[in-house]
S.K.: 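Encoded as structure tokens, here's the structure I'll be asking about.
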Amino acid sequence: MGGALNINHLLFLGHGALWTIGLSAIALIGGGSFGFLVALGRVSPSRAVRLLAATYVQIIQGTPLLVIMFLSFFGLAALGLNISPLLAAGASMTIFVAAYLGEIWRGCIEAVPKQQWEAAEGLALSRSQRMIKVILPQAIRIATPPTVGFMVQIVKNTSLASVVGFVELTRSGQIINNSLFEPFIIYSIIALVYFSLCYPLSRLSRRLERTALHKKPALA
Amino acid sequence: MNAHVIPPAAPPNAPVVALRDVHKSFGALKVLDGVSFAVGRGEVIVLIGRSGSGKSTALRCIDRFETIDGGEIEVCGRRVDDARLDVRALRQDVGIVFQSYNLFPHLTIEENITLAPHAVKKVPKAEARALAAKVLAQVGLEEKLHAYPEQLSGGQQQRAAIARSLAMQPKVMLFDEVTSALDPELTGEVLKVIEALAADGMTMVLVTHEMSFARGIADQVVFMHKGKVHEAGPAGILSSPSTPELAQFVGTGL
Ligand SMILES: Nc1ncnc2c1ncn2[C@@H]1O[C@H](COP(=O)(O)OP(=O)(O)O)[C@@H](O)[C@H]1O
Ligand SMILES: [Mg+2]
């Protein structure tokens with residue numbers, strides 16, 4: 001490379017942006033699945049399971065994502081376990097997102113009125129029937145706006161994967177800047193791309209929140 | 001051959017619900033202090049008393065929403081105070097309707113009603129739907145089958161909640177102030193449904209503040225005061241109470 005910013009640089013950035021989206025998707029799917037289990041664990045009738053899930057959330061929420069990234073890439077490598085930047089970044093994001101989404105979703109499950117549990121109990125439904133047929137469908141509605149809102153955090157946090165050499169948007173910007181020395185222009189472009197990914201998500205989240213407020217059980 | 005797997009049948013004249021010297025505290029607060037009453041098949045028992053006198057707690061103990069500290073509760077031949085009780089079997093025999101109807105907002109009225117018969121009693125879907133139509137007709141809401149709870153008035157929601165309980169074909173129904181959350185002009189339609197159930201021979205325990213309704217429907221009135229059955233007897237005790245507490249209670253209207 002070298003010289004002035006040209007179409008190849010932009011294509012390279014575009015490629016990085018696609019990986020930012022890809023890593024966000026991995027984080028959402030992996031962290032969402034695992035986070036769902038964390039949320040169920042947090043409201044489990046078993047004390048041991050509740051404690052385990054709470055401990056997990058506490059530890060991850062008390063650890064910077066950057067440190068989780070370092071641990072899963074350099075830490076594991078030092079122990080003789082070499083994993084690719086993609087695997088390290090994907091696993092770190094999954095572990096991180098699971099703790100936060102797990103906690104958000106626990107709140108949504110608990111936001112379903114206690115009387116709904118009792119009505120379901122009075123009808124002799126089993127615990128899992130109460131959860132699946134009565135509580136979760138209502139919790140999912142409550143969870144949609146904050147979950148979409150949290151996706152903004154996911155997208156922004158994928159930039160930390162640059163530290164393990166994963167070439168997403170931020171890392172591809174660094175690479176181009178190393179040859180062009182145009183940090184203001186390049187990082188402005190990158191900021192603009194992040195903004196255009198995040199802004200629609202936060203708009204959507206706010207709109208969902210408003211509609212949820214105005215007509216409670218909207219969708220059928 | 002398999003006679004020994006059939007549970008011993010309760011004697012034909014055994015009470016459907018019986019509380020014997022039931023004690024229940026929440027922490028230091030004694031809420032039920034030796035409560036006893038019995039409900040025979042087809043009987044209607046009305047619990048009355050001031051707010052905080054333990055009426056709701058007594059109902060909740062019958063359906064094992066609360067566990068008791070002392071005494072006995074028997075429902076349809078089952079010992080509810082037994083730690084090994086099959087709670088879900090108990091709840092198939094007991095229908096309970098609360099003050100705040102608690103319909104499931106994400107389900108249509110039909111789905112609200114078919115959920116438990118299908119999931120718990122394994123009634124096939126088509127049969128459960130026929131059942132839903134039948135119980136809805138019983139409460140006069142047959143045209144609301146496909147409506148969502150939010151589309152109904154409070155009175156209609158409460159009738160739908162009653163229908164949902166009836167679809168489980170309970171042996172006894174518990175009603176806890178089911179008209180208290182309703183606008184006065186909507187209470188009548190709900191009380192009428194309960195009266196029709198009583199006329200049909202349903203065994204019921206109900207808590208109400210509607211004194212004229214209580215007078216009309218009760219086979220037995222139980223007046224609770226400070227966690228005790230202070231006075232009990234036929235509906236006539238409402239017109240000629242023998243304790244000053246009941247006299248004062250009916251005198252104040254509510
Ligand atoms: N789960 C509970 N925990 C603590 N106190 C309770 C609980 N449920 C009821 N109580 C208390 O028990 C007393 C009796 O309540 P309740 O049975 O609801 O009376 P009633 O239905 O006659 O108004 C009240 O003082 C109430 O605050
Ligand atoms: Mg009460």
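Proteins get letters first, then strands, A, B, ... in listed order; numbering begins at 1 in each. Side chains included, hydrogens not; waters and symmetry mates left out as well; all remaining heavy atoms used.
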S.K.: Going from CD on A/Gln138 to CG on B/Leu107, what distance comes out if it is rounded to the nearest 0.5 angstrom?
M.R.: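 Taking CD in A/Gln138 and CG in B/Leu107, the distance rounds to 8.0 Å.
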S.K.: Less than 4.5 Å to any heavy atom of chain A: does that hold for the side chain of B/Phe104, its backbone, both, or neither?
M.R.: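 Contact with chain A involves both backbone and side-chain atoms of B/Phe104.
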S.K.: Taking all atoms of both residues into account, what is the closest heavy-atom pair of A/Gln115 and B/Ser100, and its distance?
M.R.: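 Closest approach of A/Gln115 to B/Ser100, heavy atoms only: CG-OG, 4.1 Å.
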S.K.: Please classify the contact of B/Val97 with chain A as side chain, backbone, both or neither, using a heavy-atom distance under 4.5 Å.
M.R.: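 For B/Val97, there is no contact with chain A at all, as no heavy atom is under 4.5 Å.
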S.K.: Can any side-chain N or O of B/His106 pair as donor or acceptor with the backbone N or O of A/Leu136 at less than 3.5 Å?
M.R.: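 Absent.
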S.K.: Chain B heavy atoms under 4.5 Å from A/Gln129: which part of the residue, side chain, backbone, both or neither?
M.R.: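 Contact with chain B involves the side chain of A/Gln129 alone.
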S.K.: Are more than 12 heavy atoms, taken from residues, nucleotides or ligands other than B/Lys121, located less than 6.0 Å from that residue's NZ atom?
M.R.: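 Yes, because the 6.0 Å sphere around NZ of B/Lys121 holds more than 12 heavy atoms from other groups.
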S.K.: B/Val87, B/Ile96, B/Leu103, B/Leu174: which one forms the most heavy-atom pairs within less than 4.5 Å of chain A?
M.R.: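 It is B/Leu103.
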S.K.: Just wondering, more than 12 heavy atoms not from A/Arg203 lying within 6.0 Å of its CZ?
M.R.: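 No, the 6.0 Å shell around CZ holds no more than 12 heavy atoms from other groups.
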S.K.: Given a strict heavy-atom distance threshold of 4.5 Å, which part of B/Arg64 is in contact with chain A: side chain, backbone, both, or neither?
M.R.: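 B/Arg64 has no heavy atom closer than 4.5 Å to chain A.
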S.K.: Answer yes or no: are there more than 12 heavy-atom neighbours, outside A/Phe74 itself, under 6.0 Å from its atom CZ?
M.R.: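 Yes, the 6.0 Å shell around CZ holds more than 12 heavy atoms from other groups.
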S.K.: Might you point out which heavy atoms bring A/Leu123 and B/Met168 nearest each other, and give the distance in Å?
M.R.: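 Reported closest heavy-atom pair: O-CE, 3.5 Å.
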S.K.: What heavy-atom pair brings A/Ala124 and B/Arg88 nearest, and what distance separates the two atoms?
M.R.: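 Result for this residue pair: O-NE, 2.7 Å.
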S.K.: Testing the basics here: between B/Phe65 and A/Glu118, what is the closest heavy-atom pair and its distance to 0.1 Å?
M.R.: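 Heavy atoms only, the tightest pair is CZ-O, 3.4 Å.
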S.K.: Which pair of heavy atoms, one from B/Ala119 and one from A/Leu125, lies closest together, and at what distance?
M.R.: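 Closest approach of B/Ala119 to A/Leu125: CB-CD2, 4.0 Å.
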S.K.: Mark yes when over 12 heavy atoms from residues, nucleotides or ligands other than A/Lys133 sit less than 6.0 Å from its NZ; otherwise mark no.
M.R.: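 Open: at most 12 neighbouring heavy atoms sit under 6.0 Å from NZ of A/Lys133.
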